[in-house]
Amino acid sequence: MQEVQLMVTCLCDAIYGEVAISTVQVLEKLGCKVHFPKNQTCCGQPPFNSGDWENSKLAANHCISEFQKQDLPVVVPSASCAAMVREGYKMMGLGSPLVIYELSEFIADKCQLDSVKTWKSYPHKVAFHQACHGRSIGLKDQQETLLRKVPNIQLVAFEQAEQCCGFGGAFCVTHGALSEGIGLEKLKNIKESGANEIVTGDMGCAVHLEGLIKKHQMNLRIRHFSEILAEVLI
Amino acid sequence: MRSASASKVTARERALKTLFCEPPQAQDTASAIKSYVLDHLRTLLIELEAQCLSNGIQVHWANNAEDANQIIVDLCKESAKPGDVIVKAKSMATEEIHLNHHLDEAGFETVETDLGEFVVQIDHDTPSHIVTPIIHKTRKEIAASFSREELGPYTEEPKELTMQARAHLRKKFREAKIGISGVNFAIASTGHLVLVENEGNNRFCTTAPDVHIALMGIEKVLPTPAELPLFLPLLAASATGQLLTTYVHFIKSPRQERETDGPKAIHLVILDNGRTNVLQGPFREILKCIRCGACLNVCPIYRQASGHAYGHVYSGPLGEVLAPALEGVESFGDLAKASTLCGACQEVCPVKIPIPELLLEIRHRANSPSTSEKLAWTSFAQASQHPLVWKFGLKLLPLAPMARHPFLTSWLKRRTLPTRVGRDFRGWWNERS
Amino acid sequence: MNARETILNSCPLGEPTDPWPAPYFVLPPGSVVEAFKTSLNLLGARTIDENELAGYIGPKTWVEPNAGLEVNALNGFQNQVDLWDAEVGIASTVLAIAQTGSVCVKSGQGNSRLATLAPPINILIVHRNKIVPSLLEALELLPDGNVAFITGASRTADIEGVLVPGIHGPKEVLVCLVGGEH
Ligand code: SF4
């Protein structure tokens with residue numbers, strides 16, 4: 001049995017608990033034993049992206065020491081946190097102290113999906129939004145490929161699908177109008193495609209898009225791909 | 001404008017696939033060659049200078065914008081008098097040093113001859129894109145400017161407007177005493193100045209007047225002509241989705257005995273203007289840039305904001321790095337914050353410049369956040385080192401609207417606050433075990 | 001220290017390094033002549049034969065001395081117009097590239113630069129046996145001197161992205177193929 005440690009991410013810790021729960025459930029269904037280092041906090045990405053590397057290092061060092069207590073790979077349901085640990089730590093001179101995988105990457109590389117014989121159907125029209133930070137860890141179409149395996153799911157194409165949602169961490173507040181413009185454009189393109197659900201792999205995009213959806217009272221809901229997998233894998 | 005950017009993106013991909021078996025390999029090779037150039041700049045520049053001199057091209061060196069302007073104005077004074085026409089081809093380097101301003105002050109009639117730059121000039125505007133300067137203007141606005149300048153009867157037809165510009169600028173080419181251009185690639189082993197363009201104005205500027213002055217940044221040199229089969233199509237495809245630009249000029253020497261036209265004197269001005277500093281610092285890779293504009297076309301911020309918002313001649317992702325790199329993170333470091341770090345720019349960049357990484361590096365070096373921002377990150381970092389405080393903080397989140405932090409105000413202006421939906425992970429985990 | 005020395009002293013000399021891999025081009029299938037024609041068509045340019053070429057000869061035609069030697073129909077033609085005012089410019093070329101539909105013109109020895117630039121219609125004479133597959137060969141064979149590659153008509157898309165030919169140079173480029181293939 002594979003053993004992994006879960007990095008829950010700040011956003012799931014604070015808001016999107018269901019995503020973290022689904023992540024554990026999916027990993028378990030695929031035969032992994034999941035550990036949760038309870039003293040974990042944040043990987044340090046928010047201050048890092050804002051240029052405050054001093055404060056970022058404090059958080060990063062705490063993160064490293066908590067996950068180094070066990071010599072197990074780390075799995076995280078967010079490409080941007082994975083990118084932070086893999087690339088950001090290097091840039092700050094902290095080296096590569098942890099082995100970390102983004103969830104879909106871990107499933108594609110390390111798990112036997114075929115071991116799950118029956119999949120429930122998921123008859124929904126879904127727009128898949130690829131979170132940009134996957135680019136920096138070389139993530140290709142692993143998330144989309146997983147979704148395509150789900151029976152009866154309808155993945156709809158939409159205009160400028162590859163474009164960023166406009167979140168960008170502190171950018172969404174320091175450059176609020178731009179961020180909003182880009183986000184609304186994305187939502188408009190998705191609405192026009194006829195989808196009523198957005199699926200993504202990063203809750204950063206979700207927290208921003210959801211804030212816009214609610215403000216503009218659009219009829220769209222956002223889910224993490226792990227939530228769908230947790231539902232359909234039996 | 002946004003759809004214009006998007007269609008350029010698809011054309012770019014199509015052209016790259018038509019040209020190269022493996023476009024990413026072509027990009028990697030181009031990046032490696034540019035690394036070689038930066039690593040061997042002294043050797044290559046000395047070789048280029050020697051070749052140019054032996055071909056009869058005169059070489060001048062300029063430490064900064066001021067010197068470059070002085071050199072060019074002095075050269076112009078040698079062969080033209082106040083009131084004479086100087087025709088200019090599109091060149092980012094001349095924009096960078098604000099050359100037109102100096103030529104105007106010296107009394108010359110400087111005429112931008114690239115259609116877009118010409119419109120910018122008559123409107124006293126600034127270009128909003130490094131390849132397509134008037135992407136921000138509608139045909140109506142252009143029509144109004146043309147009729148104001150009495151270029152012909154009022155029309156909004158792009159074809160007719162273009163023909164009015166053709167007729168007007170053709171006269172200027174015939175009159176001009178001096179032509180000024182940039183340089184896309186300068187070949188060290190042969191001394192060729194390689195210029196690319198679609199309109200033909202560049203060719204007129206470097207053919208019709210008796211004197212041609214070319215301005216190039218030190219990083220534009222390439223070792224040999226053997227690099228061009230890669231760079232020429234890569235630049236054309238990345239810039240406009242073409243396989244090759246309409247014109248590629250290989251300028252080797254002033255008019256020779258057997259030639260009936262072409263300039264009698266050619267001057268090459270080699271410009272530093274901050275580049276050697278960049279070369280020795282952490283933003284060195286931005287000097288690989290070949291000014292194709294692909295990063296602007298894919299950038300969500302650029303598409304939303306347009307080029308003027310950047311407040312610098314270099315806009316888009318390229319400008320976010322190059323402006324602070326050349327002029328100091330103190331003055332332009334904030335530009336680096338205008339990015340979501342989505343990485344689309346790096347993906348399309350023909351020379352694979354790691355723009356997001358460079359932006360992070362600039363943010364780090366420019367880090368002079370407002371007190372409220374600093375305070376936020378300090379408390380964040382404190383909490384993140386103390387799991388108990390962290391967990392307590394999570395519990396307090398619903399009270400966040402009371403914090404009145406500027407970040408929060410900005411968030412709430414445009415979005416609702418996220419609320420927890422479903423279960424809390426830590427609670428669920430504890431119950432389970 | 002003068003500017004030259006200041007700049008050069010701040011630039012690295014560098015060590016010799018390994019050569020880089022050659023870019024691997026997609027080569028046009030079939031004969032280079034056919035591929036060249038296909039590329040020309042995609043550019044909105046087209047090929048004409050010597051008979052059709054003859055139809056373009058008139059008082060406002062400018063024929064480069066070199067081109068006059070290459071095509072019978074142009075033999076002994078005397079230019080009567082100022083090149084700046086000509087409506088048709090006919091010039092010879094030294095190379096052509098199948099992959100991109102480009103032709104290479106060289107200034108000097110009976111070829112001017114303006115002839116392929118100033119007249120609204122430009123006819124380029126290309127020898128079938130001077131067509132090479134790609135830019136790779138073209139740059140290996142790059143002639144000495146002041147040279148230009150021409151790929152289609154002068155064009156701009158500056159006004160709202162609308163493609164307009166002939167902004168400064170020729171509105172129309174025609175290629176007259178002569179001679180046999182190798
Ligand atoms: S940074 Fe790269 S993509 Fe952007 S203009 Fe320069 S070469 Fe082109």
Side-chain angles (χ1 to χ4, degrees), chain B residues 4 18-22 26 29 32-33 36 39-43 45-46 61-63 67 115-116 132 134 138-139 142 158-159 161-162 166 169 174 198-201 203-204 207 218 225-226 228-230 232-233 243-244 246-253 256 258-262 272 276 279, chain C residues 2-4 6-15 17 20-26 39 84 97 99-102 107-114 117-118 134-136 138-140 142 144-162 164 166-170:
Chain B
T18 316
L19 287 159
F20 301 107
C21 297
E22 280 175 63
T29 307
I33 294 172
Y36 176 92
D39 289 344
H40 298 73
L41 209 45
R42 193 189 316 180
T43 324
L45 286 172
I46 291 173
W61 301 78
N63 275 323
D67 293 359
L115 177 58
T132 45
I134 51 167
T138 63
R139 63 179 80 187
I142 298 164
K159 215 182 193 147
L161 288 168
T162 303
R166 175 183 170 114
L169 292 168
R174 262 184 113 153
N198 282 321
E199 294 193 358
N201 64 312
R203 190 143 189 244
F204 267 115
T207 296
I218 51 170
L228 291 172
L230 173 61
L232 291 174
L243 303 183
L244 201 60
T246 302
Y247 300 105
V248 180
H249 316 298
F250 300 82
I251 296 170
K252 177 94 182 269
S253 68
Q256 301 292 294
R258 289 173 148 168
E259 292 180 289
T260 49
D261 53 13
D272 182 344
T276 49
L279 195 63
Chain C
N2 63 22
R4 178 183 184 274
T6 325
I7 293 172
L8 289 176
N9 286 343
S10 335
C11 292
L13 271 174
E15 300 283 318
T17 48
W20 34 80
Y24 193 24
F25 279 116
V26 178
S39 303
W84 281 90
I97 308 168
Q99 183 192 37
T100 54
S102 316
S107 160
Q109 288 177 309
N111 275 304
S112 70
R113 299 177 221 200
L114 277 180
L117 186 59
S134 76
L135 273 166
L136 222 49
L139 277 146
E140 271 169 26
L142 187 73
D144 194 30
N146 294 307
V147 169
F149 290 170
I150 300 176
T151 310
S154 150
R155 51 185 263 177
T156 180
D158 273 345
I159 304 177
E160 290 188 1
V162 182
V164 183
I167 161 69
H168 293 293

Seminar exercise, completed: Answer key: most heavy-atom pairs under 4.5 Å with chain B among Leu142(C), Asp158(C), Leu135(C), Thr100(C) is Asp158(C)
Exercise. Between the side chain of Glu199(B) and the main-chain N/O of Ile167(C), is any donor-acceptor distance below 3.5 Å?
Worked result: no
Exercise. Going by heavy atoms in the side chains, are Ile7(C) and Ile218(B) under 4.5 Å from each other?
Worked result: yes
For this session: Could you tell me which residues satisfy salt bridge (charged side-chain N to carboxylate O under 4.0 Å, His left out) with Arg4(C), sequence neighbours excluded, listed by chain and number?
Result: Glu49(B)
Exercise. Checking side chain to side chain contact (heavy atoms under 4.5 Å, CB included) against Leu8(C), which of Thr276(B), Leu45(B), Asp272(B) comes through?
Worked result: Leu45(B)
For this session: Would you mind checking which part of Ala118(C) comes under 4.5 Å of any heavy atom in chain B, side chain (CB onward), backbone (N, CA, C, O), both or neither?
Result: both
Exercise. Can you tell which of Thr138(B), Ile134(B), Asn201(B) has the highest number of heavy-atom pairs within less than 4.5 Å of chain C?
Worked result: Asn201(B)
Exercise. Where does Leu228(B) contact chain C at under 4.5 Å (heavy atoms): side chain, backbone, both or neither?
Worked result: both
Seminar exercise, completed: Under 4.5 Å to a heavy atom of chain C? For Gln256(B) that would be neither
Problem set entry | N/O donor-acceptor pair under 3.5 Å between Arg203(B) side chain and Leu114(C) backbone | no
For this session: Give, as side chain, backbone, both or neither, the part of Ile33(B) having an atom under 4.5 angstrom from any heavy atom of chain C.
Result: both
Exercise. For Leu19(B), is it the side chain, the backbone, both, or neither that has a heavy atom closer than 4.5 Å to a heavy atom of chain C?
Worked result: both
Exercise. Quick check: does any side chain N or O of Arg42(B) sit under 3.5 Å from a backbone N or O of Cys11(C), one acting as donor and the other as acceptor?
Worked result: yes
Seminar exercise, completed: Applying a strict 4.5 Å limit to non-hydrogen atoms, the region of Val162(C) in contact with chain B is side chain
Exercise. For Ser107(C), what residues pass the side chain to side chain contact (heavy atoms under 4.5 Å, CB included) criterion, not counting sequence neighbours?
Worked result: Glu259(B), Asp261(B), Arg113(C), Asn146(C)
For this session: Check each atom of Leu169(B) against the heavy atoms of chain C and say whether the ones under 4.5 Å are side chain, backbone, both or neither.
Result: side chain
Exercise. With a 4.5 angstrom heavy-atom cut-off, which part of Ile150(C) approaches chain B: side chain, backbone, both or neither?
Worked result: both
For this session: Would you mind telling me which of Ala157(C), Ser134(C), Gly145(C) has the largest number of heavy-atom pairs within less than 4.5 Å of chain B?
Result: Gly145(C)
For this session: Using the six-membered ring wherever Trp is involved, compare the ring planes of Trp84(C) and Phe204(B) and label them parallel, tilted or perpendicular (cut-offs 30° and 60°).
Result: parallel
Seminar exercise, completed: Ranking Thr6(C), Asn111(C), Leu13(C), Ile97(C) by heavy-atom pairs under 4.5 Å to chain B gives rank one to Leu13(C)
For this session: Tell me, out of Gly166(C), Ser39(C), Gly161(C), who's got the most heavy-atom pairs with chain B below 4.5 Å.
Result: Gly166(C)
Problem set entry | Neighbour count >12 (heavy atoms, 6.0 Å) for atom CZ, Arg258(B) | no
For this session: Give the member of Glu140(C), Glu15(C), Gln99(C) that has the highest number of heavy-atom pairs under 4.5 Å with chain B.
Result: Glu15(C)
For this session: Answer with side chain, backbone, both or neither: which region of Thr260(B) has an atom nearer than 4.5 Å to a non-hydrogen atom of chain C?
Result: side chain
